[in-house]
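Inspection log for the structure reproduced underneath, given as structure tokens.
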Amino acid sequence: MASSSNPDADGTSYVMRDKTDATLVGKHCQYEYCNQLDFLPFLCQSCGKTYCLDHRTESGHKCSNPGAWAQRKRQAELAKPSIGQGKTLRDRVSQKPCASPDCKTVVGTSLTPGVHCDTCNRDYCLKHRLREDHDCKNLVPIGARPSPQIDAVAQKTKTTLDKLRAWGSAKRQQAERALPKPKPSSTAARLAATAKLRKTAKGRKDISEDKRIYLYVEAEAETAKAKLPKGEFFFSKDWVVGRLLDDAAQQLQVQNMNNKSSDERDKLRVFHVEGGRLLEFNEKIGSSLQSGNTVILLRGVGPPPNLMEP
């Protein structure tokens, strides 16, 4: 006798017999007073007999084993593991806050019993009882001593942060030699200055008007080994900063050794005055700069060293 592939997963006591069986040519309803030939018969999951559409329910055919399907389904549900399985429910925990730092729930009460985690040796509310919910893998168990490996990682992290602070301080001092500072001005003054810049800026003629971004470009004395050269240029918004640097260095006749030397002391970098930072070579100009901004070519100011070196 055929049956469904997974009868207990269905929501009714009856299921349609296997419709993929090529030999299926219909079955007679097994209800005593019917015996109708049904080409899409139903199988009762309680008594195992076949019935037509009208007599498919347990009450419709006066099932000889009513409720058997429902009982099997209940037993299958009870056999499934519960969400909190493996956790110890501690009804006698003294009242205290949940061990999760951001949780203010008090555990150990009659309404909120504490759930003890045997791994980190802490008590949590029902919301944070699972290991992934309270970041168990990164906690040192209460009563346990930190392993030498954890101590080494903490020390290395501290050394890295110290290096980062020292490098940042040194680079900030170097960048401060980048002369001009953005001067506060009214919106009208900025618009007027940008309009004037559009008329005087030079650049490649193959860059279309809608793609142009107009900038003041300078090279500090240490970079150029001469008096501060400066110019007004336009570049393509689609260019990256590295291409802007190459073009600006050529326009200002500044020696560019970025592709010839691996020593950072010889390399040029682009400093954005309004943004107060060094730009990465792969940044898109249109995303980092605006017309009317000032950029400065600096030599030997970045990037940071490998801070994870011992």
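Remember, predicted model here, so these are calculated numbers, not experimental data.
- Atoms CD and OG1, on Glu232 and Thr294 in that order, are 9.5 Å from each other to the nearest 0.5 Å.
- The local environment of CD in Glu132 is crowded, with over 12 non-hydrogen atoms from other residues, nucleotides or ligands closer than 6.0 Å.
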Run the numbers on Glu209 and Arg212 for salt bridge (charged side-chain N to carboxylate O under 4.0 Å, His left out), then give the verdict.
CA-CA 5 Å; Glu209 290 281 348; Arg212 294 180 182 181; 3.3 Å; yes
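- The side-chain heavy atoms of Leu244 and Leu279, taken from C-beta on, include no pair separated by under 4.5 Å.
- In this structure, Leu53 and Phe42 have side chains that are in contact, with non-hydrogen atoms separated by less than 4.5 Å.
- Summarising the geometry of Pro113 relative to Leu111, their closest heavy-atom pair is CD-O, 3.5 Å, with the distance given to 0.1 Å.
- Heavy atoms only, all atoms of each residue included: Ser236 and Ile207 are closest at N-CD1, 3.7 Å.
- For the ring pair (Phe, Tyr, Trp, His ring centres under 6.0 Å) criterion with His61, the lone passing option out of Tyr31, Tyr33, Tyr51 is Tyr51.
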Go through it in stages, so that I can follow the logic: the residues are Leu278 and Leu298, the test is side-chain contact (heavy atoms from CB on, under 4.5 Å), and I'd like the CA-CA distance, side-chain angles, deciding distance and then a yes or no.
CA-CA 9 Å; Leu278 292 169; Leu298 300 175; 4.3 Å; yes
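- Side-chain contact between Asp133 and Tyr124 is absent, with no heavy-atom pair separated by less than 4.5 Å.
- The closest side-chain donor-acceptor pair between Arg72 and Gln75, if any, does not fall under 3.5 angstrom.
- His28 contributes a side-chain N or O that, together with a main-chain N or O of Asn35, makes up a donor-acceptor pair within less than 3.5 Å.
- One N or O on the side chain of Asn258 and one on the backbone of Leu268 form a donor-acceptor pair closer than 3.5 Å.
- For the pair Gln250 and Asp246, the minimum side-chain heavy-atom distance is 4.5 Å or more.
- Nearest heavy-atom pair across Val107 and Gly114 is CB-CA, 3.9 Å.
- In this structure, the separation between NZ on Lys230 and CG on Leu252 is 11.0 Å, given to the nearest 0.5 Å.
- Of all non-hydrogen atoms in Lys284 and Asp238, the two that sit nearest each other are CE-O, 3.7 Å.
- A donor and an acceptor atom, one from each side chain of Asn121 and His116, are located under 3.5 Å apart.
- Side-chain atoms of Gln36 and His55, non-hydrogen and from C-beta on, never get closer than 4.5 Å to each other.
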Arg299 and Val254: CA distance, side-chain angles, deciding distance, side-chain contact (heavy atoms from CB on, under 4.5 Å) verdict
CA-CA 10 Å; Arg299 196 184 302 279; Val254 175; 3.9 Å; yes
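- Taking CD from Gln95 and CG from Asp123, the interatomic distance works out to 13.0 Å, rounded to the nearest 0.5 Å.
- Smallest separation of non-hydrogen atoms from Trp239 and Arg204: CH2-CD, 3.8 Å.
- When side chains are defined from C-beta on, Phe235 does not count as touching Val295, because their heavy atoms never get closer than 4.5 Å.
- Side-chain contact between Val115 and Leu126: present, with at least one pair of heavy atoms (C-beta onward) separated by less than 4.5 Å.
- Here His128 contributes atom NE2 and Cys98 contributes atom SG; the two are 5.5 Å apart, rounded to the nearest 0.5 Å.
- Between Ser288 and Arg277, the shortest heavy-atom distance links the atoms OG-NH2, 4.0 Å.
- Taking CG of Asn293 as the start and CD1 of Ile213 as the end, the distance is 7.0 Å to the nearest 0.5 Å.
- Expressed to the nearest 0.5 Å, how far SG of Cys29 lies from CZ of Arg56 amounts to 11.5 Å.
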Working note: Ile285 + Arg243, criterion side-chain contact (heavy atoms from CB on, under 4.5 Å); need CA distance, chi angles, decisive distance, verdict.
CA-CA 9 Å; Ile285 297 175; Arg243 187 170 180 184; over 6 Å; no
side-chain contact (heavy atoms from CB on, under 4.5 Å) assessment of Arg122 paired with Leu139:
CA-CA 10 Å; Arg122 291 171 171 83; Leu139 296 176; 3.9 Å; yes
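- In the displayed structure, Gln71 atom CD is contacted under 6.0 Å by more than 12 heavy atoms of other residues, nucleotides or ligands.
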